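So you know, we letter chains A, B, ... as the sequences are listed, proteins then strands, and number each from 1. Keep in mind the model is a prediction, meaning the values are calculated, not measured.
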Amino acid sequence: MTPAELSSTVVSAIRDATTAGELDIAVPETVTIERPRSKEHGDYASNVALQMAKAARRPPREVAEILATRLRTVPGIQGVDVAGPGFLNFRLAASAQGELARRIVESGERYGHGDAQAGLRVNLEFVSANPTGPIHIGGARWAAVGDALGRLFEACGADVTREYYFNDAGRQIDAFAESVFAAAHGEEAPQDGYVGAYVSEIAAEVVQRAPGVLDKSREEQLEIFRREGIELMFAAIKRSLADFGTHFDVYVNERDLHVRGELDQALERLRAEDHVYTRDGAIWLRTTDFGDDKDRVLVKSDAATTYFLADAAYYLDKQLRGFELCLYMLGADHHGYIGRLRALAACFGDDPDRTIEVLIGQMVNLSSGGQPVRMSKRAGTVITLDDLVDAVGVDAARYALCRASVDQTLEIDLDLWARRTQDNPVFYVQYAHARIASLLRNSAEMGIERGLAEAFQPGLLAHDRESDLLGALGEFPRVVAQAAELREPHRVARYLEGLAGTYHRFYDDCRVLPLGDEPVTELTRARLWLCEATRVVLAGGLGLLGVSAPERM
RNA sequence: GCCCCCGUAGCUCAGCGGACAGAGCAUUGGACUUCUAAUCCAACGGUCGCAGGUUCGAAUCCUGCCGGGGGCGCCA
């Protein structure tokens, strides 16, 4: 019996009790079932009686007793206690609990997937770094978390589009072109320009690709360094992301929106909706009507369009492509964007509470040898995604970035994450998977099969460690659904660490394969089902984070 | 000045109102003729920043303060 099944069983009990006149209350759609921290409180617990007591105008313990009496007769439930202020504590029959192992093995990688976000057309926009330099560590955080979020949404049935938006026009790009130009001529980068080894590398590569470029006029050179530089830089960015295991479905750039006339269309639309006015020669959007702190300029007094107008066109573009929800994942330094993005949606007639969500990721700090690794854009000592991967590998990098809430300023100790020891959480989890894989290989070599599903005897998995493990496995679907709903992939990582620990403890106490000339028993086979079920969940969970599940380590 | 994030064990952090607040690391002491000891067990360790409020019940929700980090542009 899964927690979800137990939940609906309790709902049925409430319905029956109201029908029988024992309770006078509206029947809830679902009730909360949780794994109690303490083993004394049974396998599962529910606070439903406490929550319904007031509406039922009865003491909580009395409500709990009414439900307990009915629930005690349900097959698979071994016992129901009323405890404390009115908790219902359930003990499941070993067979009802062990049954889960078969279910997981048969579901395979689909176990844990659900339909909580079924059909939702969601747009995830993340990283979105301009091609003026490599992906830095802040972008890396979203490359990991945004990608994991996409996997989570898909696991919950959503229709996901991963999108990368960038500017290939504008002042940043001008500065980049001038910096590459300067580097090609052995000159200092201009004020507000870009520095770092990659600028010189790109300059050299452009010169190689376009022989004779240095003999052309300054204007022609700038144009070539701009065009070729962007192309090389963007190719490098895409390579970094691909090596990192993060893929995008759609790349959108401002220039295309411009070329297709989408900025003009957006402006006309906003004008038609009467949200636009002119002041000091500039064209403004009245975002303060929708909660922004100040109105925003769409077209500057020199007739140049702002990035904000491009943002407007881009939002409209997403709306027209039929997305019901647009998620923006931004760095902490962009939190000021939230108000204007929401106002934008409202100006286009949408309800921002429904169509827009902005996730803000706090900063990432790195340390090595106990000393902080400081970034300086001016000195060109920017820590990049590639640097992180070089230092700790893709799996550890993704896991480290996904492991913490994005609300938390993240501290990454490069020495720790490069280590192949138990201090390193990703190895702790991966090791559990490799350990199971090894055990299953051994069993295959010994010619021991877990056998047909029909022959599986779930009731044999009655050891405390087995019960703990089954309980943990039963939590996975809920963890996945909750992580997607809250947009918090770190919950999956934390869950996996707990599951790995629970498995290691089981492994320590419960011998699976026969020793010496011991016979193969039904318990041996039942435990093989349990081991395979655990392997499936570990692999599935790691997969949601884009981290590999090694067969050997 | 205004806005956002954080404050939980020595350290890094979990914990979208529920039972005596958890994990890993660190420290101390144990467990390998046997399925991967890259593991496990035990001990130690807390005024959940402070003060009010809401609630049967608050680390969790609300308000105010204190401390740390980040941000405020006709920049991108």
Side-chain angles (χ1 to χ4, degrees), chain A residues 32 34 36-38 40-41 45-47 50-51 53-54 59-60 83-87 89 130 132 167 170-175 192 254 279-284 293-302 304 306-308 310 331-339 358 360-363 365 367 403-413 416 419-425 427-428 430-432 434-443 445-446 448 482 485-486 488 490-491 493-495 497-498 500-501 503-516 518 524 527 531 552-553:
Chain A
T32 305
E34 58 179 22
R37 270 195 288 275
S38 164
E40 297 160 32
H41 298 139
S46 177
N47 61 359
L50 288 158
Q51 287 175 334
K54 191 170 253 179
F87 289 102
N89 291 341
N130 285 345
T132 54
N167 301 118
R171 186 168 301 174
Q172 282 193 355
I173 293 290
D174 291 343
D192 297 328
E254 186 192 355
R279 193 181 74 204
D280 303 333
I283 300 174
W284 299 69
D293 353 331
K294 54 180 12 178
D295 290 340
R296 307 289 170 175
V297 173
L298 294 168
V299 182
K300 293 185 264 187
S301 53
D302 65 0
T306 61
Y307 275 80
F308 184 58
D333 51 342
H334 284 72
H335 91 267
Y337 263 42
I338 299 176
V358 184
I360 298 298
Q362 297 301 312
M363 299 195 342
N365 297 319
S367 63
R403 183 175 186 258
S405 156
V406 293
D407 289 342
Q408 221 16 282
T409 303
L410 186 57
E411 308 286 340
I412 295 183
D413 178 342
L416 186 156
R419 231 172 274 157
R420 307 195 149 242
T421 65
Q422 60 177 311
D423 327 6
N424 183 341
F427 280 98
Y428 183 79
Q430 288 182 314
Y431 176 70
R435 205 179 206 190
I436 298 173
S438 167
L439 189 155
L440 296 175
R441 273 195 305 274
N442 291 342
S443 104
E445 279 168 22
M446 294 165 78
I448 303 170
Q482 195 178 37
E485 185 193 338
L486 298 175
E488 292 184 345
H490 75 274
R491 287 170 184 273
R494 300 301 176 143
Y495 165 78
E497 288 166 33
Y503 178 78
H504 288 311
R505 283 185 283 278
F506 155 79
Y507 179 92
D508 214 56
D509 278 6
C510 300
R511 177 78 202 185
V512 177
L513 298 174
L515 275 171
E518 285 177 7
T524 306
R527 284 180 171 167
C531 286
R552 317 171 182 267
M553 291 175 73

Taking B:G18, B:U36, B:C13 as options, the one with an atom nearest any side-chain atom of A:R494 is B:C13

### Message
Rounding to an integer number of angstrom, what distance separates B:A51 and B:A58 when you compare their P atoms?
### Response
15 Å

Self-check item: Side-chain touch A:Q408/A:H490, heavy atoms, less than 4.5 angstrom
Solution: no

Open item on the list: Is there aromatic stacking of A:H41 on B:A19 here, judged by a ring-centre distance under 5.5 Å and a plane angle under 30°?
Closed with: yes

- Would you mind classifying the nucleic acid contact of A:N130 as base, sugar-phosphate or nothing, using non-hydrogen atoms under 4.0 angstrom? sugar-phosphate

Under 6.0 Å between ring centres, would you say that holds for A:Y503 and A:F506?
yes

Backbone of A:R511 reached by a side-chain donor or acceptor of A:R527 within 3.5 Å = yes

*At under 4.0 Å between heavy atoms, what does A:E485 touch on the DNA or RNA strands: base, sugar-phosphate, or nothing?*
base

*asked:* I want to check one thing: is the phosphate of B:G15, taken as OP1 and OP2, less than 4.0 Å away from some side-chain N or O of A:R491?
replied: yes

Working for side chain to side chain contact (heavy atoms under 4.5 Å, CB included), residues A:E488 and A:Q482
CA-CA 8 Å; A:E488 292 184 345; A:Q482 195 178 37; over 6 Å; no

Any strand, both distances under 3.5 Å, Watson-Crick or G-U wobble: B:A59 pairs with none

- request: Tell me what A:I360 touches on the nucleic acid: a base, only sugar-phosphate, or nothing, going by heavy atoms under 4.0 Å.
  value: nothing

From the candidates B:C5, B:G71, B:C16, the one with an atom nearest any side-chain atom of A:Q362 is B:C5

When rounded to the nearest Å, what value does the distance between P atoms of B:U60 and B:G53 take?
14 Å

Between CG of A:D407 and C1' of B:C6 the distance, given in whole Å, is 9 Å

(Q) Base, sugar-phosphate or nothing for A:T409? Non-hydrogen atoms, less than 4.0 Å. (A) sugar-phosphate

Practice task
Scan A:D295 against the nucleic acid and name what it touches under 4.0 Å (heavy atoms): base, sugar-phosphate only, or nothing.
Solution key: nothing

Rounded to whole Å, the OH-P distance (A:Y503 to B:C35) equals 12 Å

When rounded to whole Å, the CG to C1' distance for the pair A:L439 and B:U39 reads 14 Å

Per the glycosidic torsion and the 90° limit around 0, nucleotide B:C32 is syn

Check your understanding: Contact class for A:M363 vs. all strands (heavy atom < 4.0 Å): base, sugar-phosphate, or nothing?
Key -> sugar-phosphate

| query | Going through the checks in order, is the side chain to side chain contact (heavy atoms under 4.5 Å, CB included) test met by A:V406 and A:I360? | reply | CA-CA 7 Å; A:V406 293; A:I360 298 298; over 6 Å; no

- Task: Report yes if a donor N or O on one partner sits less than 3.5 Å from an acceptor N or O on the other, where the partners are the side chain of A:S38 and the base of B:C20; otherwise report no.
- Result: yes

Please report the distance separating the P of B:C65 from the corresponding atom of B:C3, rounded so that it comes out in whole Å. 10 Å

- Query: What nucleic acid atoms does A:A45 come within less than 4.0 Å of, heavy atoms only: base, sugar-phosphate, or nothing?
  - Reply: base

Of B:G71, B:G73, B:U39, the nucleotide closest to the side chain of A:K294 is B:G73

Worksheet entry | Whether A:E518 side chain and A:L515 backbone form a donor-acceptor pair below 3.5 Å | yes

Check whether A:N365 reaches the backbone of A:E411 with its side chain - one donor and one acceptor, N or O, closer than 3.5 Å. no

Sugar-phosphate only, base, or nothing, as touched by A:H334 at under 4.0 Å among non-hydrogen atoms
base

Considering only the C1' atoms, how many Å lie between B:C62 and B:C13, rounded to the nearest integer?
26 Å

Between NZ of A:K54 and P of B:G17 the distance, given in whole Å, is 17 Å

Taking B:G15, B:U39, B:A19 as options, the one with an atom nearest any side-chain atom of A:H490 is B:G15

**Message:** Give me the distance, rounded to whole Å, that separates B:G49 from B:G15 when you measure between the P atoms they each carry.
**Reply:** 14 Å

For B:U36, the nucleotide meeting Watson-Crick or G-U wobble distances (both under 3.5 Å) is none

Paired to B:G24 by Watson-Crick or G-U wobble criteria (both distances under 3.5 Å) is B:C11

Here the distance between atom P of B:U34 and atom CG of A:D509, to the nearest Å, is 17 Å

For this session: Have a look at A:R296 and say if it touches a base, only the backbone sugar-phosphate, or nothing, with a 4.0 Å heavy-atom cut-off.
Result: sugar-phosphate

Does OP1 or OP2 of B:A19 have a side-chain N or O of A:R37 closer than 4.0 Å? yes

Atom CD of A:Q430 and atom P of B:U36 are separated, to the nearest Å, by 18 Å

Nearest-nucleotide check on RNA chain B, A:G281 vs A:G336; residue mapping nearer the 5' end is A:G336

Pairing partner of B:C72, by Watson-Crick or G-U wobble and under 3.5 Å for both distances, is B:G1

Notebook entry, point to check: NA contact type, A:S301, heavy-atom cut-off 4.0 Å: base, sugar-phosphate, or nothing?
Noted result: base

Any N or O donor-acceptor pair under 3.5 Å from the base of B:C40 to the side chain of A:H504? no

### Query
Is the shortest side-chain N/O distance from A:Q408 to OP1 or OP2 of B:A14 below 4.0 Å?
yes

Under a 3.5 Å distance rule, please check whether A:W284 uses its side chain to pair with a backbone N or O of A:R279 as donor and acceptor.
yes

- Can you tell me, in whole Å, how much space there is between the P of B:C50 and that of B:A21? 16 Å

Picking from B:C75, B:G18, B:U36, the nucleotide nearest the side-chain atoms of A:K300 would be B:C75

Closest to the 5' end of RNA chain B, once A:V299 and A:F506 are matched to their nearest nucleotides, is A:F506

Counting N and O atoms only, with roles assigned by atom type, does the side chain of A:N47 sit under 3.5 Å from a partner on the main chain of A:L50, one being a donor and the other an acceptor?
no

When rounded to whole Å, the CE to P distance for the pair A:M553 and B:U36 reads 14 Å

Here the distance between atom C1' of B:G69 and atom CG of A:D333, to the nearest Å, is 13 Å

Take atom P in B:U54 and the same atom in B:U12, then report the distance between them in whole Å.
36 Å

### Message
So does A:T132 get a backbone contact from the side chain of A:N130, meaning a donor-acceptor N/O pair under 3.5 Å?
### Response
no

If pairing means Watson-Crick or G-U wobble with both distances under 3.5 Å, then the partner of B:C65 is B:G49

* To do: Say whether, by atom type as modelled, one donor and one acceptor occur between the side chain of A:S46 and the main chain of A:T32 under 3.5 angstrom.
  => yes

- Query: Is A:T306 reaching over with its side chain to a backbone N or O of A:L298, donor-acceptor style, under 3.5 angstrom?
  - Reply: yes

At 4.0 Å (heavy atoms only), tell me whether A:E40 reaches a base, stays on the sugar-phosphate, or touches nothing. nothing

Within the structure shown, what part of the strands sits under 4.0 Å from A:N442 by heavy-atom distance: base, sugar-phosphate, or nothing? sugar-phosphate

Side-chain atoms of A:L486 come closest, of B:C4, B:U36, B:C16, to B:C16

(Q) Would you measure the distance from the C1' atom in B:C41 across to the matching atom in B:A23 and give it in whole Å? (A) 16 Å

In Watson-Crick or G-U wobble terms, with both distances under 3.5 Å, the base opposite B:U54 is none

Taking only nitrogen or oxygen atoms into account, show me every contact under 3.5 Å that the protein makes with nucleotides 24-29 of chain B, one pair per line with its distance.
from	atom 1	to	atom 2	distance (Å)
B:C25	OP1	A:Q422	OE1	2.9

